[in-house]
Amino acid sequence: MELNELLGLEIDLRIPNHYNELSSDEMSCRILEIKRRLGARLFIPGHHYQKDEVIDFADIRGDSLKLAQICAEIPEVEHIVFCGVHFMAETADMLTKEDVQVILPDMRAGCSMADMANIEQTEKGWERMQKIWGDTIIPLTYVNSTAAIKGFVGKYGGACVTSGNVHTMLKWAFEQKERILFLPDQHLGRNTAYKLGIALEHMCIYNPVDNEFKFDGAWEDIRVILWKGHCSVHEKFTPEHIKHVKLRDPEIQVIVHPECIFNVVQDSDYTGSTNYIIRTIEEAPAGSKWAIGTEMNLVNRIIAEHPNKQIESLNPFMCPCLTMNRIDLPHLLWSLEEIEAGRVVNRIKVDPDIAKYAVLSLERMLELS
Ligand code: 13P
Ligand code: SF4
């Protein structure tokens, strides 16, 4: 019995073996041919963290905000083969028409941060928070979350955020309610709230595992409830890395993604979304020196695109995001050939009952972005 059958899943987890025996050139040629044959019926969005062999075939590259905006506006298309991770494909499915088929080339391309918040935990925690603070809380979720969490947030009047609009969204949320529940990335929530002037003692951490809160001070002073989740990639940058590069060369400027821990963001020269990082380096003068704290596929690409600038990863032992890296040439080719054969594999289809509310949270975000 196949693994997916054993798990009771209606998805193809395993790519046929012969794909792994093909050369890169052979796969690239076949992908280009399929793209040519399918023309405007096919759209391939690619997140900046995708590996080069895959991003080369993307019709558009972007961060999660840009890719969500594009999917919301895309005209006639039959198939979206999403080169990114699961929550991004879910978002694309919810923002496109019913008959558009959104496909994730490898179902194992998840996001460990999104997996840190499930709906049962969220409902249980929310019940507790309502008992403590009453109807004073608005939920916000980073788009790096499941459709079910987006649905929860939409149902209770909240919205999604991405790293590209998080300041705007937090300001908006504080105009709606006194307190914010921020899921699932504690670091993005803390870093942004702090920049907006909320003191650390006015934030608490909610641990979904034991349904407990961690903070010093008084319950009534809490303005931001931070879900205890994190990105396992961005947590690998430390203040010691910054000390080390600055000691080696004081002219090096440090730029990091706001999923990094608080002290890293505090000690760096610049912090911002994926798009902000790309733009800042593009606009920097020739000869400038940079250490970047974000995902490694992207850092390597930035280095290659700017030979006239001295750029390195803030952490010399950094790896790419493993789940983003699940999407590779064999999986891309397999999903495209299956489309042509009329057998759609790995379709991402969000339950309409969940999508109904999740779309609300996405639309609130898109309206304000
Ligand atoms: P952005 O694309 O919003 O910068 O997010 C980074 C990320 O971690 C995507 O998974
Ligand atoms: Fe998730 Fe972090 Fe990978 Fe982004 S980089 S997909 S947040 S694990």
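Just so it is clear, the structure is predicted and the values come from calculations on it, not from any experiment. Counting starts at 1 for both ligands and their atoms, following the listed order.
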Trainee: Measuring only between side-chain heavy atoms, which start at C-beta, is L368 closer than 4.5 Å to N165?
Mentor: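 No, side chains not in contact.
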
Trainee: Say whether I137 and L226 are linked into one hydrophobic cluster, either directly or through other cluster members, by side-chain heavy-atom distances under 4.5 angstrom.
Mentor: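 No; L226 is not reachable from I137 via cluster members.
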
Trainee: What about the rings of W290 and Y270, do their centers lie closer together than 6.0 Å?
Mentor: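 Here the rings of Y270 and W290 have centres that are less than 6.0 Å from each other.
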
Trainee: Students often mix this up, so state it plainly: with edges at 30° and 60°, are the rings of F237 and H234 parallel, tilted or perpendicular?
Mentor: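 Ring orientation of F237 relative to H234: tilted.
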
Trainee: Got more than 12 heavy atoms from elsewhere within 6.0 Å of NZ, K228?
Mentor: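 Counting neighbours around NZ of K228, 12 or fewer heavy atoms of other residues, nucleotides or ligands fall under 6.0 Å, so no.
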
Trainee: Can we say E76 and K97 salt-bridge, meaning some charged N sits less than 4.0 Å from an Asp/Glu carboxylate O?
Mentor: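 Salt bridge between E76 and K97, a charged N being under 4.0 Å from a carboxylate O: yes.
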
Trainee: Judged by atom type as modelled, is there a donor-acceptor pair below 3.5 Å linking the side chain of S361 to the main-chain atoms of K150?
Mentor: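 A pair under 3.5 Å: yes.
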
Trainee: Could you list, one pair per line, each nitrogen or oxygen of ligand 1 together with any protein nitrogen or oxygen closer than 3.5 Å, giving atom names and the distance rounded to 0.1 Å?
Mentor:
unit_1   : atom_1 : unit_2 : atom_2 : d
ligand 1 : 2 (O)  : H47    : NE2    : 2.8
ligand 1 : 2 (O)  : S64    : N      : 2.9
ligand 1 : 2 (O)  : S64    : OG     : 3.2
ligand 1 : 3 (O)  : S64    : OG     : 2.6
ligand 1 : 3 (O)  : S163   : OG     : 2.9
ligand 1 : 4 (O)  : S163   : OG     : 2.8
ligand 1 : 4 (O)  : H257   : NE2    : 3.0
ligand 1 : 4 (O)  : T274   : N      : 3.3
ligand 1 : 4 (O)  : T274   : OG1    : 2.5
ligand 1 : 5 (O)  : Y142   : OH     : 3.4
ligand 1 : 8 (O)  : E259   : OE2    : 2.9
ligand 1 : 10 (O) : N144   : ND2    : 3.3

Trainee: Quick one: give me the number of protein N/O/S atoms under 2.8 Å from atom 2 (Fe) of ligand 2.
Mentor: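 Number of qualifying protein atoms: 1.
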
Trainee: With side chain to side chain contact (heavy atoms under 4.5 Å, CB included) as the test, pick out the partner of L314 among V256, T294, I292.
Mentor: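 Result for side chain to side chain contact (heavy atoms under 4.5 Å, CB included) with L314: V256.
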
Trainee: Is the side chain of K309 donor-acceptor paired with the backbone N or O of K289 at a distance under 3.5 Å, no angle test?
Mentor: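 Absent.
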
